[in-house]
Amino acid sequence: MTKYIIRRLLQTIPVLLGVTILVFSLMHLVPGDPAQIVAGEGASEQTVNNIRERLGLNESIPVQYGKFLTNALQGDLGSSVRSGRPVMDEIGSRFWVTVELAFYSTIVAVLLGLIAGIVSAVRHYTLTDTSIMVVALFGLSMPNFWFGLLLIQWFAIGNWMPEWLEFIKMRPSGWGDEWRQVILPVLTLGTGGAAIIARMTRSSMLEVIEQDYIRTARAKGVSERLVTYRHALKNALIPVVTVVGLEFGGFLGGAVLTETIFAINGMGRLTIDAIRTRDFPVVQGTVLVISVIFVLVNLLVDISYRFLNKRIDLN
Amino acid sequence: MSEETVNVPVTAERINPRLESYKQFWRRLAKNKAAVIGGCLILFIIIMAFVGPWIITTFTDYRPNQTDITNKLAGPSAAHWFGTDNFGRDIFTRVIFGTKLTLYVGFFSVFIGGIIGVIFGIVAGYYGGRIDTVIMRLMDVLLAFPGILLALAIVAVLGGSLTNVIIAVGIFSVPAFARVVRGSTLSVRKLEYIDAVRALGASDFRIIFKHILPNIMSPIIVQASLRIATAILTGAGLAFLGLGAQPPRPEWGAMLNEGRPFMYEAGHVALFPGLMIVLVVLAFNIFGDGVRDALDPKMKK
């Protein structure tokens with residue numbers, strides 16, 4: 001186990017290095033002169049040269065990358081071209097906003113998905129099962145930003161809302177002050193993920209139920225309830241664990257859209273604003289931070305998967 | 001699949017084994033309800049995308065960019081089935097004209113991503129060793145950018161346009177293909193017939209394209225149809241963020257973006273383009289699921 005963890009940690013290093021190379025290259029893949037593009041059309045040569053100087057674009061590419069990497073390792077991601085503030089400060093508290101959004105969405109996705117998946121599997125090939133799977137298929141096929149827009153329409157501006165649901169109404173300030181404001185964005189992100197988890201749980205459960213040890217348990221006279229929830233579920237959940245990490249990451253990326261719709265001041269919106277204003281250091285910074293979290297979360301998930309699934313050790 | 005290609009029945013008539021396996025593929029596909037429904041839906045959407053605009057321009061006066069300010073944000077009616085947008089443009093007409101753009105994003109990006117991904121996957125799986133490690137690490141790096149983020153970063157660099165969205169989403173699709181194809185190549189490579197053709201002196205190139213590729217087509221097809229669904233969603237997301245097809249092109253994601261400020265007064269503006277995205281993505285998802293079930297005998301019907 002320790003050996004596996006060490007090996008897995010070592011494997012992560014080249015991936016993280018690759019991520020920094022790719023993020024670093026972003027600025028250099030810009031068609032044309034990045035300094036000119038950052039400065040905007042019609043900027044004087046003086047301004048362009050200043051920006052080139054500030055972004056360190058005069059040096060050779062390997063030297064630039066070396067600096068980028070050493071700085072990034074020390075938590076310095078350069079500074080915003082627009083505001084002049086360090087990118088780390090720009091990200092600042094927005095980091096937690098996005099992580100929180102992704103975290104709550106993961107919880108919603110897992111809870112909804114597991115319940116739907118288990119019910120579907122237990123009642124397989126019945127109307128309940130079919131209905132749940134049809135809903136899941138819709139959830140999978142729906143652009144989450146569109147679903148978010150619909151939710152705003154229904155809950156925030158719809159006049160038909162029953163009194164007891166009034167509390168969900170969106171406040172224009174968006175995120176943070178009150179937990180109520182969290183509900184719609186989290187539902188927007190979480191439902192799509194729930195669909196994936198539901199499908200996965202169902203097929204995993206159905207596969208497990210066919211196995212010999214379940215038949216043995218039934219033959220021994222273990223009640224159907226116990227067979228389902230004790231014997232089958234435990235093993236069926238193992239493959240589902242791997243998806244959770246991917247979902248969390250997907251939500252971090254998806255936050256770009258959700259934060260835009262709900263006017264949440266997180267990293268996603270920061271990224272979009274930076275793209276619009278061609279503030280490349282900020283784009284690089286947020287993309288790097290989000291990817292690094294994603295890689296680390298997946299590392300954790302892989303290790304826990306290994307821990308849960310002892311059968312892998314035997315092979 | 002592979003067995004059918006290997007055991008060529010010896011009869012007087014020549015039977016093309018590949019043709020036979022394709023026939024069997026179609027038979028199995030035709031038996032799968034989901035695949036048939038999904039396939040018909042896709043066919044309908046393709047026809048709508050290419051014949052629809054022609055019908056509208058030939059038989060009616062509706063044009064996708066024709067504005068009518070006096071009639072803006074009007075709800076659905078007999079004259080405007082899906083209502084009008086903030087410029088008084090007919091949303092139904094725009095939706096029909098936009099179908100093509102959505103299909104372009106789906107098909108072309110998956111085509112680009114598929115070809116690159118399949119080459120990477122086959123090479124990694126066939127040669128193994130260091131080549132495999134390098135390629136798969138590279139794929140890991142691409143997969144380290146979660147969800148829409150990779151495509152977003154690429155579009156951020158290239159600038160927002162339909163072509164750039166196709167490129168970005170294409171690159172975003174590469175690792176998915178590479179992983180699946182590598183896995184299938186690994187399992188096919190070990191089969192005896194590969195040893196046999198190699199013993200006959202076939203070149204690597206010939207083995208890969210003539211003997212491995214045809215036998216791993218099923219997972220590639222499944223992957224492609226499911227990826228088209230993802231690609232369309234990603235492309236629509238980018239367009240919604242204003243990074244895809246630029247106005248006034250009637251791209252569905254861009255239409256949602258344009259309609260967003262007005263959805264408080266006119267809900268239909270944000271409704272129909274979204275419904276169309278759901279319809280198309282749903283069709284490819286149903287088809288992909290169906291094809292997978294039909295091709296994978298282990299899956300229960």
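Lettering of chains follows the sequences in order, A, B, ..., and the numbering in each one begins at 1.
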Novice: Give, as side chain, backbone, both or neither, the part of A/I21 having an atom under 4.5 angstrom from any heavy atom of chain B.
Specialist: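 Neither; nothing under 4.5 Å.
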Novice: Taking atom CZ as the centre, does A/F103 end up with more than 12 heavy-atom neighbours from other residues, nucleotides or ligands that are less than 6.0 angstrom away?
Specialist: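 12 or below, so no.
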Novice: Please output the residues of residues 151-160 of chain B in contact with chain A, using a heavy-atom cutoff of under 4.5 Å, in numerical order.
Specialist: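 Contacts with chain A: B/L152, B/A153, B/A156, B/V157, B/L158, B/G159.
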Novice: Check each atom of A/L150 against the heavy atoms of chain B and say whether the ones under 4.5 Å are side chain, backbone, both or neither.
Specialist: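 Only the side chain of A/L150 comes within 4.5 Å of chain B.
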Novice: List the atom of A/V15, the atom of B/V141, and the distance in Å for their closest heavy-atom pair.
Specialist: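 Closest approach of A/V15 to B/V141: O-CG2, 3.8 Å.
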Novice: Side chain, backbone, both or neither: which part of B/L271 has an atom under 4.5 Å from a heavy atom of chain A?
Specialist: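 Both backbone and side chain.
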Novice: I'd like to know whether CZ of A/F138 has more than 12 heavy-atom contacts from other residues, nucleotides or ligands below 6.0 angstrom.
Specialist: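 No.
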Novice: Side chain from CB out, backbone as N, CA, C, O: work out which of these in B/L275 comes under 4.5 Å of a heavy atom of chain A, or both, or neither.
Specialist: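 Both parts, backbone and side chain.
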Novice: Could you have a look at A/V295, A/L29, A/L252, A/L149 and say which one has the most heavy-atom pairs with chain B under 4.5 angstrom?
Specialist: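 Greatest number of close heavy-atom pairs with chain B: A/L149.
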Novice: Would B/F240 and A/L257 satisfy side chain to side chain contact (heavy atoms under 4.5 Å, CB included), going step by step from the backbone distance to the final call?
Specialist: CA-CA 8 Å; B/F240 178 73; A/L257 286 154; 3.7 Å; yes
Novice: Atom CZ of residue position A/R8 - does it have more than 12 heavy atoms of other residues, nucleotides or ligands inside 6.0 Å?
Specialist: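 More than 12 heavy atoms, drawn from other residues, nucleotides or ligands, come within 6.0 Å of this atom.
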Novice: What part of A/L22 lies closer than 4.5 angstrom to a heavy atom of chain B: side chain, backbone, both or neither?
Specialist: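 Side chain only.
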Novice: Could you give me the CA-CA distance, side-chain angles and deciding distance for B/D289 and A/L137, then say whether side chain to side chain contact (heavy atoms under 4.5 Å, CB included) is met?
Specialist: CA-CA 10 Å; B/D289 279 358; A/L137 197 60; 3.8 Å; yes
Novice: Name the region of A/F280, side chain, backbone, both or neither, that has any atom closer than 4.5 Å to a heavy atom of chain B.
Specialist: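 It is the side chain, since no backbone atom gets that close.
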Novice: Looking at OG1 of B/T230 and CG of A/L140, how far apart are the two atoms once the value is rounded to the nearest 0.5 Å?
Specialist: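 Reported to 0.5 Å precision, the distance equals 8.0 Å.
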Novice: With a 4.5 angstrom heavy-atom cut-off, is it the side chain or the backbone of A/R269 that approaches chain B, or both, or neither?
Specialist: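 Nothing of A/R269, per the 4.5 Å heavy-atom cut-off to chain B.
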Novice: Which atom names give the shortest non-hydrogen contact between B/I148 and A/G253, and what distance separates them?
Specialist: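 B/I148 and A/G253 have their closest heavy atoms at CG2-O, 3.5 Å.
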Novice: Going by the rule side chain to side chain donor-acceptor pair (under 3.5 Å), which residues pair with B/R260 if we only count those two or more places apart in sequence or in a different chain?
Specialist: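 Result, side chain to side chain donor-acceptor pair (under 3.5 Å) vs B/R260: none returned.
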Novice: In this structure, are over 12 heavy atoms from other groups packed under 6.0 Å from A/R123 atom CZ?
Specialist: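 12 or below, so no.
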Novice: Non-hydrogen atoms of chain B under 4.5 Å away: do they reach the side chain of A/T286, the backbone, both or neither?
Specialist: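 Interface part for A/T286: neither.
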Novice: Which one wins on heavy-atom pair count under 4.5 Å against chain B: A/T271, A/L206, A/N298, A/I261?
Specialist: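 Greatest number of close heavy-atom pairs with chain B: A/I261.
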Novice: Between the main-chain N or O of B/G253 and the side-chain N or O of A/W146, is there a donor-acceptor pair closer than 3.5 Å?
Specialist: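 Not at all, since once roles are kept as given, no pair shorter than 3.5 Å links the two residues.
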Novice: Assess the residue pair B/L241 and A/F145 against the criterion (side chain to side chain contact (heavy atoms under 4.5 Å, CB included)); give the C-alpha distance rounded to whole Å, side-chain angles, the decisive distance to 0.1 Å, and a yes or no.
Specialist: CA-CA 10 Å; B/L241 290 168; A/F145 57 92; over 6 Å; no
Novice: Would you give the length of the straight line joining atom CG of B/L243 to atom CD1 of A/I272, rounded to the nearest 0.5 angstrom?
Specialist: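 So the CG of B/L243 and the CD1 of A/I272 are separated by 6.0 Å.
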Novice: What heavy-atom pair brings A/S141 and B/L282 nearest, and what distance separates the two atoms?
Specialist: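 It is OG-CD1, 3.2 Å.
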Novice: Out of A/L16, A/V23, A/I275, which one racks up the most heavy-atom pairs below 4.5 Å with chain B?
Specialist: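 If we count pairs closer than 4.5 Å to chain B, A/I275 comes out on top.
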Novice: Any idea which heavy atoms bring B/P146 and A/G249 closest together, and the distance?
Specialist: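 Looking at all heavy atoms of both residues, the shortest contact is CB-O, 3.0 Å.
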Novice: Highest number of heavy-atom pairs under 4.5 Å with chain B: which of A/Q284, A/M27, A/H28, A/Q11?
Specialist: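 Going by pairs under 4.5 Å, I would pick A/Q11.
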Novice: Between A/F294 and B/A144, which heavy-atom pair has the shortest distance, and what is it?
Specialist: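 Looking at all heavy atoms of both residues, the closest pair is CD2-O, 3.2 Å.
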